Amino acid sequence: MIRRGFFTLWLLAAPVAAAAGEPAMPADATRAFEMAYAASFYEFDACGDGISGRNYRRALSEKVAHCPFPADVKQRFVQRAAAQRLKSAQAMAKLIEDNGGLPVRLDGMSRTCREQSETPEYQAIRARLDDFASGKIAADRVVPGACDAVEISP
């Protein structure tokens, strides 16, 4: 289990069978993608930028689909992403209920959501996500890391 703010990502370790003659794919081969997927709710949606959050998660999903993971590893990512969407929707509903709306500053943030969204880094991410959403760039430009990256961030 990984916690970031009020979102939790449950990483399930299930063995992955390898085809004859191929090395076994690690059970956590998509872990970095799953962590980035979960963190996106905190980084985008909880600060009121749900459109960018959805676009980022779509780019992550497309990147996983194009990585050379076996079909069962890709399917497990899809299942975990669906479970994370449900958990995050529940967390967002609770956050809104507890605060009477989205908070101005999330736990663990040194800036307010508005201050964060005004940074050049965030604006660059947002521009890439807008270009991705309009079809101007591919998912690899939004998620440029390697398929075996240990950490992925926008």
Side-chain angles (χ1 to χ4, degrees), residues 1-14 26-67 69 72-154:
M1 177 174 68
I2 297 171
R3 293 192 64 78
R4 176 157 183 169
F6 52 87
F7 292 105
T8 303
L9 172 64
W10 295 91
L11 297 175
L12 308 172
D28 63 349
T30 59
R31 184 170 195 254
F33 289 96
E34 293 167 22
M35 291 174 60
Y37 195 97
S40 72
F41 290 97
Y42 182 83
E43 294 173 25
F44 297 108
D45 300 58
C47 275
D49 195 0
I51 293 171
S52 291
R54 284 189 298 279
N55 287 331
Y56 183 68
R57 290 185 292 278
R58 187 168 62 94
L60 282 167
S61 296
E62 284 185 24
K63 175 83 175 204
V64 168
H66 289 97
C67 284
F69 298 129
D72 59 334
V73 171
K74 291 178 182 181
Q75 182 57 37
R76 191 174 62 246
F77 171 82
V78 169
Q79 292 168 342
R80 290 179 178 175
Q84 185 62 49
R85 282 191 304 275
L86 178 61
K87 287 181 185 285
S88 294
Q90 293 167 345
M92 288 289 291
K94 176 118 174 75
L95 178 71
I96 290 168
E97 180 181 321
D98 291 350
N99 290 291
L102 292 174
V104 173
R105 182 188 316 258
L106 298 170
D107 289 341
M109 288 180 70
S110 59
R111 305 176 204 175
T112 66
C113 290
R114 182 175 180 173
E115 290 168 340
Q116 178 68 20
S117 71
E118 293 173 350
T119 65
E121 298 84 10
Y122 191 91
Q123 292 298 314
I125 292 164
R126 180 70 194 265
R128 281 195 319 268
L129 290 168
D130 289 346
D131 286 347
F132 172 70
S134 67
K136 293 179 184 175
I137 64 172
D140 280 343
R141 293 278 310 278
V142 176
V143 186
C147 290
D148 62 353
V150 295
E151 184 175 319
I152 298 172
S153 60

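A quick note: this is a predicted structure, and the numbers were derived from the prediction, not measured.
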(message) With a 3.5 Å distance limit and no angle check, can you tell me whether Gln123 reaches the backbone of Ser117 through a side-chain donor-acceptor pair?
(response) yes
(message) My understanding is that only residues two or more places apart in sequence, or in another chain, count here; which of them pass ring-ring contact (aromatic ring centres under 6.0 Å, His included) with Phe33?
(response) none
(message) Rounded to the nearest 0.5 Å, what separates atom OG in Ser52 from atom CZ in Arg128?
(response) 11.0 Å
(request) Please say whether more than 12 non-hydrogen atoms of neighbouring residues, nucleotides or ligands are located less than 6.0 Å from CD1 in Ile51. (result) no
(message) Within this structure, what is the CG-CZ distance for the pair Leu129 and Arg58, rounded to the nearest 0.5 Å?
(response) 9.5 Å
(message) Working to the nearest 0.5 angstrom, can you tell me the gap between Thr30 OG1 and Met35 CE?
(response) 11.5 Å
(message) Taking the side chain as everything from C-beta on, heavy atoms only, tell me whether Phe41 gets closer than 4.5 Å to Lys87.
(response) no
(request) Please tell me if the side chains of Ile125 and Glu43 come closer than 4.5 Å, counting only heavy atoms from C-beta onward. (result) no
(message) Considering only residues two or more places apart or on different chains, which pairs with a residue in residues 134-148 satisfy side chain to side chain donor-acceptor pair (under 3.5 Å)?
(response) Lys63-Asp140
(request) For residues Ala139 and Ala59, report the shortest heavy-atom separation together with the two atoms involved. (result) CB-O, 3.5 Å
(request) Identify the two heavy atoms, one from Phe69 and one from Cys147, that lie closest to each other, and give their separation to 0.1 Å. (result) CZ-O, 3.4 Å
(request) Taking all non-hydrogen atoms of both residues into account, name the closest pair between Cys113 and Ala46 and its distance. (result) SG-O, 4.4 Å
(request) Starting at OG1 of Thr119, measure out to CZ of Arg114 and round the result to the nearest 0.5 Å. (result) 13.5 Å
(message) Please verify the inter-ring angle class for Phe77 with Tyr37; under 30° counts as parallel, over 60° as perpendicular, anything in between as tilted.
(response) perpendicular
(request) Quick one: pull up CG in Leu95 and CG in Asp45 and give me the separation to the nearest 0.5 Å. (result) 11.0 Å
(request) Look only at the side chain of Arg57 and the backbone of Gly53, and say whether a donor-acceptor pair between them is shorter than 3.5 Å. (result) yes
(message) Nearest 0.5 Å, please: how far is NZ in Lys74 from SG in Cys67?
(response) 7.5 Å
(message) What I want to find out is whether Arg76 reaches Asp72 closely enough, with some N-O distance under 4.0 Å, to be called a salt bridge.
(response) no
(request) Could you pull out the closest heavy-atom pair between Asn55 and Ala133, with the gap in Å? (result) ND2-CB, 3.5 Å
(request) Work out which heavy atom in Glu151 is nearest to a heavy atom in Ala32; give both atom names and the distance. (result) N-CB, 3.9 Å
(request) Measure across Tyr56 and Pro154 and return the closest heavy-atom pair with its distance rounded to 0.1 Å. (result) OH-N, 3.4 Å
